[in-house]
Amino acid sequence: MPKYAMVIDLDRCMGCRACMEACKVENNTPTAHFWMYVFRFEEGHYPNTHVWFLPRPCMHCDNAPCVKVCPVGARYKREDGLVATDWDRCIGCRYCEVACPYGVNFFNWKDPRKNAYLDWDDADLRPRTDGNSPPYRNPDLDRRYGKEGRRTAGGGRLRGVIEKCTFCVHRVERGLKPACVANCPAFALLFGDLEDPASEVSQVLKRKPSFRLLEELGTEPRVYYVGGHPPHPESKPVEEIVARV
């Protein structure tokens with residue numbers, strides 16, 4: 001059984017946010033839902049300033065607080081390490097959102113069909129799509145995944161349920177990389193099996209010092225960072241933060 005993890009090289013990240021865009025297109029997330037978010041920080045004082053970037057997906061923790069507090073088993077840990085959300089079972093209590101120290105959960109307050117970037121019923125699109133999957137609807141997200149056969153892929157499902165990064169489970173089960181990894185132009189994001197010593201993630205973690213966010217909480221994240229450092233009190237946000245960590 002693989003042990004999936006993500007490695008993010010902060011020395012390579014240039015803050016282009018292609019990962020955020022790729023995540024939205026792949027997972028059809030509603031407006032203002034950022035399963036992948038890139039923080040922009042500034043340190044130092046003019047003229048000796050330094051700007052750096054911190055991509056932040058779900059940490060897919062091995063000791064995930066969100067899994068522990070879910071009263072109905074909608075949030076669960078898969079054997080391969082992915083922390084999944086069964087939106088068929090979610091009752092919208094938002095305990096997972098409160099328990100998570102990384103701020104990666106998003107609640108569907110609105111009818112997702114009315115909170116999409118494009119109008120699902122736009123008549124102008126029909127001649128172009130001929131009734132097939134419109135460009136904002138990924139049919140892979142409708143299938144069941146894992147040996148549990150649960151619907152855990154994609155976003156914007158139902159009003160009143162919570163969703164988050166899935167590591168693109170629908171791509172991983174087909175042997176593909178998560179969309180954010182596949183579309184990073186600087187190759188700053190890596191994904192693979194930690195159980196395989198020859199995998200790229202294992203090799204990078206062997207060569208370079210790494211850290212994980214909020215390790216002191218004992219959550220045991222599956223996202224590792226190399227290069228750079230965790231945010232500290234001198235790290236000033238360059239822009240208003242719409243997600244927290």
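We use all heavy atoms of the structure for the numbers below, so side chains are in, but hydrogens, waters and symmetry mates are not.
No more than 12 heavy atoms of other residues, nucleotides or ligands sit less than 6.0 Å from atom CZ of F187. Under a cut-off of 6.0 angstrom, the local environment of CD in E216 is crowded, with over 12 non-hydrogen atoms contributed by other residues, nucleotides or ligands. The 12-atom threshold is not exceeded at CD of E21, counting heavy atoms of other residues, nucleotides or ligands nearer than 6.0 Å. Atom CD of E200 has 12 or fewer heavy atoms from other residues, nucleotides or ligands within 6.0 Å.
Side-chain contact of E163 with W87: a donor-acceptor pair under 3.5 Å is absent, judged by distance alone. Inspection of the T31 and N115 side chains reveals an N or O donor paired with an N or O acceptor under 3.5 Å. T85 and Y76 form no side-chain donor-acceptor contact under 3.5 Å, judged by distance and modelled atom types alone.
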Problem set entry | Stepwise side chain to side chain donor-acceptor pair (under 3.5 Å) check, N27 with R171 | CA-CA 11 Å; N27 292 292; R171 291 176 57 90; over 6 Å; no
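With R212 contributing its side chain and Y224 its backbone, the two residues share no donor-acceptor pair below 3.5 Å. Formation of a donor-acceptor pair under 3.5 Å by the W35 side chain with backbone atoms of C58 is not found in this model. A distance-only check finds no donor-acceptor pair linking the side chain of T49 to the backbone of Y46 [under 3.5 Å]. Remark: the backbone N or O of V83 is paired with a side-chain donor or acceptor of K164 at under 3.5 angstrom. Side-chain atoms of D9 come within 3.5 Å of backbone atoms of D11 as a donor-acceptor pair (strictly under, hydrogens ignored). A side-chain donor-acceptor contact under 3.5 Å links D80 to the backbone of L82. Between the N183 side chain and the A179 main chain, a donor and an acceptor come within less than 3.5 Å of each other. K24 contributes no side-chain N or O that, together with a main-chain N or O of N28, makes up a donor-acceptor pair within less than 3.5 Å.
Salt bridge status for R151 with D142: absent, with no side-chain N to carboxylate O gap under 4.0 Å.
Between E173 and the options R143, R144, R78, a salt bridge (charged side-chain N to carboxylate O under 4.0 Å, His left out) holds for only R78. N105 pairs in a side-chain hydrogen bond (donor to acceptor under 3.5 Å, both in side chains) with only one of the listed residues (R75, E97, R94), which is R75.
A distance of 4.0 Å separates CE in M6 from SG in C180, rounded to the nearest 0.5 Å.
Here Y4 and F191 bring their ring centres to under 6.0 angstrom of each other. H60 has its ring centre less than 6.0 Å from the ring centre of F167.
The aromatic rings of Y37 and F39 stand perpendicular to each other, their planes meeting at an angle above 60°, with 30° marking the opposite boundary.
Partners of T166 according to the side chain to side chain donor-acceptor pair (under 3.5 Å) rule, which considers only residues two or more places apart in sequence or in another chain, do not exist here. Taking the side chain to side chain donor-acceptor pair (under 3.5 Å) definition, one finds that E26 meets it with N138, H170, sequence neighbours left out. By the ring pair (Phe, Tyr, Trp, His ring centres under 6.0 Å) test, F107 is found to be paired with W109, residues two or more places apart in sequence or in another chain being considered.
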